[in-house]
Amino acid sequence: MSSDRHSRFTATSANGRSAESMSPFDPTAVSSLQQFIHANEHRRAPNRPDDTHHLALQVAHSLRFQHNWMDVRLHYQTNRENNGAPGPPRPVISGLPPQRLYVHPDEQIDLLQKQRREGKAGWPEVASEREWVLPTQLGETWSLRRFGEVFDALSTIPPEKQGGPLNFDVVRSSAAGGLQENDDTKSRVPTPGGGPTDGEDAVGRMPDASSGSDAEISGTATETGAPNPSTAPPNPWRTSQPKRMLLASADDDSTIVYYIIHDGLVKPRQN
Amino acid sequence: MAQLTPNVPGIQAPIPIFKLAGRYMLYDVDTITYLRAEHNIMGVLTGQLPQAPQQNVFSGIPLELMPEEARLLCEKGVGYVVDDVKAHKQGFLGCGLSEEERKAFRETLRRQGQAAASKVEEKAMEKKKNALSRPGSTVGDWNDLPEDMLRPASRAAGKKGKRKDRSGTTTPAASNVSDPLALAGSKTNGNAGNGSGDEEESMFGSPADSTSVRKQPPRRAPPAAAQTIESSYPAYHITPTTSYPPLTVASPPWSAPVTPGTPTTEFDGLRTALDTSLSELPDVPPSYPLYKHMHSNGYFQAPGIRFGCQYMAYPGDPLRFHSHFLCNGMDWDEEFDLLDLVAGGRLGTGVKKGYLIGGIEKRGAAGGNMDNDTGHDERNEGVRTFCIEWGGM
């Protein structure tokens, strides 16, 4: 536990409390983000550094609880068609935003024209699309080569049931209080010694309020009531465009800002 | 390629690009139009407009090209660089022009100056006549001359205005007075550009002509007398706007000229002809590969200093479109701060543009292919670009 505190990307606590705070409450209490990091230590692939792992977890925490993303997963390998391609140089995250995150300007025109043809007004309902997220820290230096390497390792559309699901339950149960729940969740986490999980471990946990934290370890994940983009055919606008990913840059004050990067020439949106 | 403007003038290709004080300039309007219509090269107009000199919102020729634009034109064989200072020295001071050519040139300038002067005088006469022909000109403005001053006998009665001595503007050749009169008489309809602006100055005094026979040219000739014969308006000194009718431009460094219609690939056989004169290709910053890549995709690019980037890329002619991208080219392995990327992305999103970075992609390991002598490796791996915009969440 103390080792993470000294790692380069240790986040400040989500609720403002640190273990050395002067709170009259339990002085050994850990912030919810720290608990989350503890609970997902095992997700780190072997021989991979701690700092990028913790950074990725911090970003995942923000995506899930600040931005309400669903099915947030951590990937050390991305299983591209050409299996000879090296994995991403650092762990990447994939997830489903609550609303559609990116609409290409031409697609926007197309959708509006379709609306007009059908006699409707305003913006139509569009299904949300799964996105890749690259966690970074704002003080880093990058180069074009490194961005190229990351893009080369990503598929155009993040796959639905691959990668390592993260244990988000620990965060909610910590609100109820106590480290006891922590132990429970640890025992429930599948394959604690496993490193990168690629499709075999197909436990798609949907940290949905209704499903709670029951141990639903099954071969296939059933998605309950959430918008189901996996059954729909992939959006032709998505497959014909260059790849994109979100660059999440974490600052020292624990704010994370997200930028969309395209691998190619894509005209800007008219915001 | 579809021609958007049917009136693109034909030009003599390849185009000389004049290098002066480290800048690449073009002086011919037809050339500038051709480059914009056919080659997506914009440049920046840097000249002053004589109609509106005290502003710089609208500028005129000459057009200044970015070094990247000049180099692209040279590589394509559409243009070539001419050292302007050397060309002028050689042309005017050296043996560029023969004595007869120089004389003829000077004569042309002098005649133009005299035509301008006579035109001015004619206008002044016209105005005078109109003023005088009005009966009872009490409604004229106070600047008009009182009538008693116009009688020839009382010429000595005061001269209004100050005299401006223009002793510096002697015409090169000896100006005999009879010659301009004959010319002036035949060129009353000549259109001299200086006529309108100089009307005011002729009211205040005539420029002194040091080689003229008469020392004190009268300000006003007798109105009804022969208007042009006694003309004392000396020829104006004309500065030509281009020195290339008397001078001839040096021929391009390669032998076969390129016709404007043929499509040129970037690295066709002309490159070998240019290899010997590679030192004449303009020096460009390391963002040049990105410039070339965007240009080959049909973008117009303007200097991007307004937005803190290297180029602003327009998807078409800038008169029709806003720019789409703020471009920064860099080396494939060049390290940059993520904060700079973030700043560029935020700025771009704020002005409805995308922030674009790119460079030539090198497939080898970092630090491996450091030698750029094997140019073919670089060329085969094109430029890879990334566009950044704010995520909105």
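The analysis underlying the following values was restricted to heavy atoms, covering all of them including side chains, and did not include hydrogens, waters or symmetry mates. A note on names: the letters A, B, ... follow the listed sequences, proteins ahead of strands, and every chain is numbered from 1.
Interface remark: B/E335 contributes backbone and side-chain atoms alike to the contact with chain A (heavy atom separation under 4.5 Å). Of the two parts of B/D340, neither the backbone nor the side chain holds a non-hydrogen atom closer than 4.5 Å to a non-hydrogen atom of chain A. Only the side chain of B/L356 comes within less than 4.5 Å of a heavy atom of chain A; its backbone N, CA, C and O stay farther away. Residue B/F336 touches chain A through both its backbone and its side chain, counting heavy-atom pairs closer than 4.5 Å. Proximity to chain B is absent for every atom of A/I256, based on heavy atoms less than 4.5 angstrom apart. A/L246 touches chain B through its side chain: at least one heavy atom from C-beta onward sits under 4.5 Å away, while N, CA, C and O do not.
Between A/F151 and B/F386, the distance from one ring center to the other falls under 6.0 angstrom. Between B/Y314 and B/Y299, the distance separating the two ring centers is not shorter than 6.0 angstrom. Taking the centre of each ring, A/Y258 and A/H67 come in below the 6.0 Å mark.
Ion pairing between B/K353 and B/E389 fails under the 4.0 Å rule for side-chain N and carboxylate O. Ion pairing between a basic and an acidic side chain is recognised when a charged N comes within 4.0 Å of a carboxylate O; A/R145 and A/E149 show no such pairing.
Of all the listed residues (A/S249, A/G139, A/S143), the one sharing the greatest number of non-hydrogen pairs under 4.5 Å with chain B is A/S143.
Annotation: cation-pi pair A/R48/A/Y76 absent, no NZ/CZ under 6.0 Å from the ring centroid and within 45° of its normal.
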